[in-house]
Amino acid sequence: MKIGILAVQGDFEAHAAMLQQLGAETREVRTATDLDGCDGLVLPGGESTTQLKFLQEEGLADKIVKFAEHGGAIFGTCAGAILLAKDVKHPAQVSLNLMDMTVVRNAYGRQIASDVVSGPTVLKKGPLEMVFIRGPVIERAGPSVKVLAEYAGKPALVQHENIMAATFHPELTDDTTVHEHFLSLAKARVKKSANGGKSST
Amino acid sequence: MDVKKPNGHGNGSKGSNEWRVKVGLAEMLKGGVIMDVTNAEQAKIAENAGACAVMALERVPSDIRKEGGVARMASIKVIREIMNMVTIPVMAKVRIGHFTEAEVLQALEVDFIDESEVLTPADEENHIWKHDYRVPFVCGARNLGEALRRIAEGAAMIRTKGEAGSGNVVEAVRHMRAIMSQMKKLTTMRDDELMREAKELGAPLELVRQIAKTRRLPVPNFSAGGIATPADAALVRRLGAEAVFVGSGIFKSSDPEARAKAIVKATTHFEDPMAVLEAHEELGEAMRGLDVRQLAEKDLLQTRGW
């Protein structure tokens, strides 16, 4: 299984280290062709304004939307979640519009408000450790969006079919729960396309 | 010290969790370009060009070099205007050892503090004890020993010093090569040799032993000081820098907007010569550079701090 990681700017190495630890092959994605052959894609933390400009200029934005439409698994953390959200506030910003939710940028304040906290999750017993760094808040999650973890009464980890988004950074902890869940989405896709191959022959 | 409580996140973690969010922000800046700006308008240009953060300061290093005088923390009014103008992280510089300037910037809630040799040092013996702050610090280094001393004091990011305001990348290259080769050397040493090497480097043994295993700094390793062109940025990235700072190089060039964009492009695609070539197309004149060998010892900024 091959997971692409958008390596324009941000903590792409931390995601790569965690995914490799879980046995996945990773590839840094900087151009549209880098995404060919990937089963999943991670949009890492970083600066969403910087990343967005790059996606548009490199023609990656359209390619990622198509990747999602064809069932590719996508996981956005922090800035990545902002890129996936349908609506972005504070200030408003265009996005890939792949998840029906409203996200407020830098909602906790500046870096001085960044912190390590924990919140309940459906993915495992006990609380999930969450590293927030100048994090956004999911103000509204659409009816089709599943909430997998919460912090302070707000959705912090959400999923809609093959798309996942976190407002925190599971890649900066030792807990692999969230990435394992993401790999299970990517794996489901591999199986599906393998079956599809068989039935067509 | 009475640190402002984080809004929205309870009381704010202390100790190792506090350290994790400081290094965490540095991680988020990897692969990006941090640009020196002296007003809100420049900050907006930098953000629009794809900067991942801006460094607010009163004068860019090349002007400090030209005009002389004491260079201090920037005016609060200017920093605040910059913070209000952009959504990307805002950094600001304090003088080496000036811990009350640092307290002021923390109270202002800048996102990162640069304890910088570009400003006139306030203390020629001691650097700031950076563990005392909730805001992360970046510090300059010319070699591995200096980098590890700053990390031991609590720096969450290291950048090469280079020779700021020179428009000449030679010193940044020298410093990055020194740090990388000294780390490589540690990986070849026996435990008993590491103690001696720690003494030679003037660095804590614990950090030296850690690098002997991992071959990398425990915090992000960026480059600064003299980067003026897209190819300069790609060069320091190839030598091991995980992101770049560009000071005078952008707003002292003939075409700041285009140059800022081009340097961002080359920093991301540093391994692709075609992309670096594209970044260079249609660029005007770079800032005028200085031959560092012609500078008198007293005019060097990199020798400030230890």
Side-chain angles (χ1 to χ4, degrees), chain A residues 6-15 17 28 30-31 34 44-58 77-79 82 88 90-91 93 105-118 129-137 151-152 154 168-169 171-174, chain B residues 3-13 15-33 47-53 83 86-91 106-113 133-136 216 220 242-243 261 264-265 267-272 275:
Chain A
L6 182 70
V8 167
Q9 183 272 320
D11 72 333
F12 47 90
E13 282 177 0
H15 277 287
E28 294 187 352
R30 293 191 173 90
T31 63
D34 289 339
E47 286 306 314
S48 63
T49 49
T50 308
Q51 295 176 353
L52 189 63
K53 276 188 187 81
F54 223 90
L55 294 184
Q56 290 166 336
E57 273 170 30
E58 294 287 329
T77 60
C78 197
I82 296 169
V88 180
H90 188 238
Q93 183 168 290
R105 298 179 58 202
N106 294 331
Y108 297 104
R110 307 192 71 93
Q111 169 64 10
I112 201 157
S114 295
D115 208 350
V116 182
V117 296
S118 60
E129 186 180 47
M130 301 172 180
V131 180
F132 281 92
I133 295 176
R134 288 169 42 93
V137 161
Y151 169 64
K154 296 271 189 205
F168 58 98
H169 295 281
E171 73 280 11
L172 295 183
T173 68
D174 295 327
Chain B
V3 171
K4 185 173 169 173
K5 295 284 188 282
N7 34 345
H9 281 321
N11 293 322
S13 303
S16 70
N17 280 347
E18 190 175 70
W19 176 244
R20 284 165 69 197
V21 296
K22 285 156 82 167
V23 178
L25 180 57
E27 289 282 335
M28 298 307 147
L29 301 175
K30 278 187 179 174
V33 181
E47 184 175 58
N48 286 340
C52 66
M83 288 166 66
V86 296
T87 61
I88 53 179
V90 175
M91 303 185 172
Q106 173 160 277
L108 181 63
E109 299 193 4
V110 300
D111 298 294
F112 232 103
I113 297 174
Y133 297 77
R134 194 167 175 83
V135 170
R216 57 190 307 167
E242 294 168 314
K261 259 191 162 161
V264 168
K265 187 181 173 87
T267 301
T268 295
H269 293 299
F270 67 103
E271 287 175 315
D272 177 1

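We name chains A, B, ... by the order of the sequence lines, and we start the count at 1 in each one. Not measured: the values here are computed from a predicted model.
A salt bridge between B:Arg20 and A:Glu129 is present, with a side-chain N of the basic residue lying under 4.0 Å from a carboxylate O of the acidic one.
A donor-acceptor pair is defined here as one N or O able to donate and one able to accept, closer than 3.5 Å; no such pair exists between the side chain of A:Glu47 and the backbone of B:Gly32.
For A:Arg105 and B:Thr87, the side-chain atoms include at least one donor-acceptor pair closer than 3.5 Å.
Top candidate by heavy-atom pairs under 4.5 Å with chain A, chosen from B:Val90, B:Leu25, B:Val135, is B:Leu25. Among the candidates B:Ala275, B:Ala49, B:Gly24, the residue making the largest number of heavy-atom pairs closer than 4.5 Å to chain A is B:Gly24. The residue among A:Thr49, A:Asn106, A:Val131, A:Val116 with the most heavy atom pairs within less than 4.5 Å of chain B is A:Val116. Note: B:Asp111 leads B:Val264, B:Asp111, B:Leu29 in heavy-atom pairs under 4.5 Å with chain A. For the set B:Lys30, B:Glu18, B:His269, B:Met28, the count of heavy-atom pairs under 4.5 angstrom toward chain A peaks at B:Met28.
For B:Ala51, the part lying under 4.5 angstrom from a heavy atom of chain A is the backbone only. Proximity to chain B (any heavy atom under 4.5 Å) is shown, for A:Leu172, by both the backbone and the side chain. For chain B, no part of A:Ser48 is nearby; none of its heavy atoms comes within less than 4.5 Å. In this structure, chain B has a heavy atom under 4.5 Å from the backbone of A:Ala7, while its side chain stays farther away. Within the 4.5 angstrom heavy-atom criterion, no atom of B:Val86 approaches chain A. For A:Gln51, no part lies under 4.5 angstrom from a heavy atom of chain B. Using a 4.5 Å cut-off between heavy atoms, B:Glu242 touches chain A through its side chain atoms alone.
For A:Lys53 against B:Gly50, the heavy-atom pair with the smallest separation is CD-N, 4.1 Å. Summarising the geometry of B:Thr268 relative to A:Arg30, their closest heavy-atom pair is O-NE, 3.1 Å, with the distance given to 0.1 Å. Closest heavy-atom contact between A:Arg134 and B:Ile88: NH2-C, 3.6 Å. Considering every non-hydrogen atom in both A:Gln9 and B:Gly31, the closest pair reads CG-C, 4.1 Å.
Interatomic distance, A:Ser114 OG to B:Lys22 NZ, rounded to the nearest 0.5 Å: 12.0 Å. We find the OG1-CD distance between A:Thr50 and B:Glu47 to be 7.5 Å, quoted to the nearest 0.5 Å.
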Checklist line | Test log, rule side chain to side chain contact (heavy atoms under 4.5 Å, CB included), inputs A:His169 and B:Val21 | finding: CA-CA 10 Å; A:His169 295 281; B:Val21 296; over 6 Å; no
Next item on the list: Decide yes or no on side chain to side chain contact (heavy atoms under 4.5 Å, CB included) for B:Met91 and A:Gln111, but give the supporting numbers first.
Entry: CA-CA 11 Å; B:Met91 303 185 172; A:Gln111 169 64 10; over 6 Å; no
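Shown here is B:Lys265, whose NZ atom has more than 12 heavy atoms of other residues, nucleotides or ligands within 6.0 Å.
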